[in-house]
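Working notes, beginning with the structure itself.
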Amino acid sequence: MQLPTGSHVAVADGTQFQLFRNSGTEQDPSLKAVDLPTSDEAAHNAGQGDTPRQNEEAGHAASVAEALNAAVLSNKIKQLVVIADPSTLGEMRKLYHKTLEAALVGEIAKTLTSQSTDDILKSIASA
């Protein structure tokens with residue numbers, strides 16, 4: 001998958017969320033961390049899991065989706081790649097706004113929150 005210049009990459013799992021911007025080119029991408037959109041995680045009780053941890057992770061996924069929706073709707077994010085573990089990605093997809101869906105360049109169902117930007121770029125390139 002190509003990563004257009006200026007596009008954003010959201011990397012999330014059940015407890016972490018990182019946001020990057022491609023400050024390089026499509027041929028030579030370079031990810032730089034950017035400030036995270038704010039969200040009110042406590043406002044979400046999206047939990048439908050069997051355990052408190054699953055409920056927490058579902059709530060975190062909901063807050064990430066809400067923050068990304070708000071950033072896309074306010075034109076702070078125009079193109080977006082979402083990388084998240086399969087469970088988190090599934091929860092997030094349920095809450096995507098139509099405008100966010102239109103801004104999606106792609107999705108990768110993989111846990112990369114603890115990986116380097118080089119590893120993230122390799123996963124995007126091979127997707």
Is [Y] reachable from [X] through a run of I, L, V, M, F, W or Y residues, each pair having side-chain heavy atoms under 4.5 Å apart?
{"X": "V105", "Y": "L68", "answer": "no"}
{"X": "L104", "Y": "I77", "answer": "yes"}
{"X": "I120", "Y": "V82", "answer": "no"}
{"X": "V81", "Y": "L89", "answer": "no"}
{"X": "V34", "Y": "F17", "answer": "yes"}

Got a list of side-chain donor-acceptor pairs under 3.5 Å for residues 7-14, not counting sequence neighbours?
unit_1: S7; atom_1: OG; unit_2: P4; atom_2: O; d: 2.6
unit_1: D13; atom_1: OD1; unit_2: T15; atom_2: N; d: 2.8
unit_1: D13; atom_1: OD1; unit_2: T15; atom_2: OG1; d: 3.4
unit_1: D13; atom_1: OD1; unit_2: Q16; atom_2: N; d: 2.6
unit_1: D13; atom_1: OD2; unit_2: T113; atom_2: OG1; d: 2.7

Quick one: closest heavy-atom pair of [X] and [Y], and the distance?
{"X": "N22", "Y": "S30", "value": "OD1-N, 3.0 Å"}
{"X": "D35", "Y": "L19", "value": "O-CD2, 3.9 Å"}
{"X": "A103", "Y": "V72", "value": "CB-CG1, 4.2 Å"}
{"X": "T5", "Y": "Q79", "value": "O-OE1, 4.2 Å"}

Separation of [Y] [atom2] from [X] [atom1] (nearest 0.5 Å):
{"X": "L112", "Y": "T117", "atom1": "CG", "atom2": "OG1", "value": "11.5 Å"}
{"X": "M92", "Y": "S63", "atom1": "CE", "atom2": "OG", "value": "9.0 Å"}
{"X": "T88", "Y": "I83", "atom1": "OG1", "atom2": "CD1", "value": "13.0 Å"}
{"X": "L80", "Y": "Y96", "atom1": "CG", "atom2": "OH", "value": "7.0 Å"}
{"X": "L3", "Y": "I124", "atom1": "CG", "atom2": "CD1", "value": "5.0 Å"}
{"X": "L31", "Y": "Q18", "atom1": "CG", "atom2": "CD", "value": "10.5 Å"}

For the residue pair H97 and L73, establish whether any side-chain heavy-atom pair is separated by less than 4.5 Å.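 In contact.
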Pairs flagged by salt bridge (Lys or Arg N to Asp or Glu O under 4.0 Å) wherever residues 69-81 is involved - sequence neighbours left out: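 Applying salt bridge (Lys or Arg N to Asp or Glu O under 4.0 Å) to every pair that reaches into residues 69-81, excluding sequence neighbours, yields nothing.
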Selection residues 105-127 - residue pairs positive for salt bridge (Lys or Arg N to Asp or Glu O under 4.0 Å), sequence neighbours left out: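 Residue pairs passing salt bridge (Lys or Arg N to Asp or Glu O under 4.0 Å), neighbours aside: R93-E107.
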